[in-house]
Amino acid sequence: MWFRRDLRLADNPALLDACESGPDGVLALFVLDPALWEPAGVSRRWYLSRSLAALDASLRRRGGALAVVHGDPVREVVRAARAVDASRVHVAADYGPYGHGRDLAVERALAADGMELVRTGSPYAVAPGRVRTRSGAPYQVFTPFSRAWAEHGWRAPVDPPEAARWLSLPHTAAAPEPRLPDGLQLPEAGEESALRRWRSYLDADLVDYDAERDRPDLDSTSHMSVHLKWGEIHPRTMLADLAARPGTGPSAYRRELAFREFYADVLFHRPDSARGYLRPQLAALEYDEPGDRLRAWQEGRTGFPLVDAGMRQLRARGWMHNRVRMVVASFLVKDLHIEWQHGARHFMRWLVDGDLASNMHGWQWVAGSGTDPAPYVRVFNPVVQGRRYDPDGTYVRRWVSELAGLEGRCLHEPWTCPEGVPDGYPDPVVDHRSERAEALARYERVSG
DNA sequence: AGTTCTTTGAT
DNA sequence: TCAAAGAAC
């Protein structure tokens, strides 16, 4: 008996090979590993259960089966393998980009039982760890990595065959669907939803991606992060579609996919960077204890409209526009002087697209501990960012109801409004100018 | 994937 | 007087 580990269905050559070549059949196993599942919020658990239900339906239409196993992946995969009288089993597991250790452990355990694990798939277009410098070292910097990644290339997506012969196996129910908090709305799950959204994005907004990607008010980004995260679409599919379209929109979009690959690669080589500092010298930075200010940030009560709008969008949709993620992250670290891990944990609790590599390295980038050589310290000004990227205030008014009636220049700094801060909206928790100076002084102390 | 201060040159 | 460009942080 042999196994393959792969997360994808849509354009998964491993699954297709199996469909086309055997009477032996295939069982897709989705392994929920509690050790890698934390910190997982209700958004992601809800979405995953929906996504698995859709995958199950899709497999059943083709005569296949999905089993979801919980617990220790090594023990559970071996147990499921012994229970199934099939010569081939596909194992789809959310190990994430740094899960190669898990694969090796599963591989060893299967080998002890006379079974072979064949790793064929990756949730990334180029598997983490594959792109190396001439000397075989991992890339440290994004730009050279992205060049090498593009040169390495990716194999083309494959259409699923119409008639696949699958072994019919008993179905194991997916994880129970958690109850969502009131008001939390999440996107539709499943491969079909992912493809539908991607195709409509290609036709509508991709051409303007380069010009509009930083505008949360226009909401013209693709919202594909969640589908990529849960394996409902493969970047190979997206890259092939992008390659067929010239222009700045597609190439800017490809650059963002490259960032996703790069961060997965960094995490693969430095699994410790999921929790700790990528640049150890930054660990000496002086932080304040999280307390009321952390709670104000989490609940969107900082008094800075763009920050509050983003944090409320996160709680209402399990998603936040990327530009706003950078602004709220900078605010937590540079204005409130709270260590980045507190923010990263809150994001992972609420983001439906929460991906360990992208999230942690995004936060490290903001904290100055990332791969970016950052010759200067970046401090976002939430008022300037608001005026620049939400010029009419549409985004803020949509998510901050207290400011819904406010027009004009003071919207992004309501404490300067002639009538004062509107009723029910908080005064700013800090003075940005002085906290910026404080942050720079603290950074000076660790870099000097 | 930043902000702010200064200089410059056109109005 | 002020926008654009450049340097410094």
Side-chain angles (χ1 to χ4, degrees), chain A residues 139-147 149 208-218 220-222 224-225 248-249 251-267 273 278-279 281-282 285 304 306-307 310 319-337 340 343-344 347 351 353 355 357-391 395 409 412-413 428 430-448:
Chain A
Y139 282 95
Q140 309 285 330
V141 179
F142 171 71
T143 309
F145 171 88
S146 68
R147 195 177 308 120
W149 170 78
D208 296 319
Y209 180 75
D210 193 30
E212 295 186 354
R213 58 186 228 82
D214 278 321
R215 290 285 299 273
D217 54 335
L218 303 177
S220 54
T221 61
S222 70
M224 293 306 290
S225 54
T248 58
S251 80
Y253 198 98
R254 192 159 35 233
R255 180 183 148 87
E256 299 306 313
L257 288 175
F259 259 112
R260 179 177 171 278
E261 301 272 332
F262 177 56
Y263 283 153
D265 189 71
V266 174
L267 186 60
S273 68
L278 197 64
R279 288 149 59 102
Q281 59 272 34
L282 265 294
L285 196 69
F304 287 84
L306 186 61
V307 173
W319 187 85
M320 196 193 305
H321 188 281
N322 183 59
R323 165 59 50 179
V324 190
R325 292 188 200 198
M326 293 191 281
V327 173
V328 303
S330 173
F331 190 82
L332 185 77
V333 175
K334 308 289 169 60
D335 285 80
L336 302 184
H337 316 296
W340 60 273
F347 269 32
L351 281 173
D353 65 15
D355 175 82
S358 297
N359 188 58
M360 297 305 166
H361 287 111
W363 276 94
Q364 298 232 25
W365 179 83
V366 168
S369 175
T371 51
D372 192 321
Y376 44 78
V377 177
R378 285 186 206 85
V379 181
F380 287 68
N381 181 324
V383 177
V384 172
Q385 291 277 314
R387 284 204 286 257
R388 189 179 302 155
Y389 297 113
D390 182 26
Y395 179 75
R409 198 173 167 77
H412 287 292
E413 40 183 345
V430 292
D431 173 60
H432 172 70
R433 195 184 169 83
S434 51
E435 299 309 334
R436 173 178 191 272
E438 171 66 18
L440 292 174
R442 293 189 190 192
Y443 275 88
E444 191 62 36
R445 263 172 255 153
V446 298
S447 65

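Each chain gets a letter, A, B and so on, in the order its sequence line appears, and its residues count up from 1. Here the structure is a predicted model, which means the values were calculated and not measured.
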Q: Could I get the full list of side chain to side chain contact (heavy atoms under 4.5 Å, CB included) partners for Asp431(A), not counting sequence neighbours?
A: Arg433(A), Ser434(A)
Q: Determine whether the aromatic ring centres of residues Phe259(A) and Phe142(A) are separated by less than 6.0 angstrom.
A: yes
Q: Any ion pair linking Glu256(A) and Arg260(A) (charged N to carboxylate O, less than 4.0 Å)?
A: no
Q: Mark yes or no for whether Glu261(A), through its side chain, and Trp149(A), through its backbone, hold a donor-acceptor pair below 3.5 Å.
A: no
Q: Identify whether any heavy atom of Arg388(A) sits under 4.0 Å from a base atom; if not, whether one sits that close to sugar-phosphate; answer base, sugar-phosphate or nothing.
A: sugar-phosphate
Q: Testing the 3.5 Å rule here: is there a donor-acceptor pair between the side chains of His361(A) and Ser273(A)?
A: yes
Q: Would you grab the first and last nucleotide of DNA chain B (5' to 3') that comes under 4.0 Å of any non-hydrogen atom in chain A?
A: dA1(B) to dC5(B)
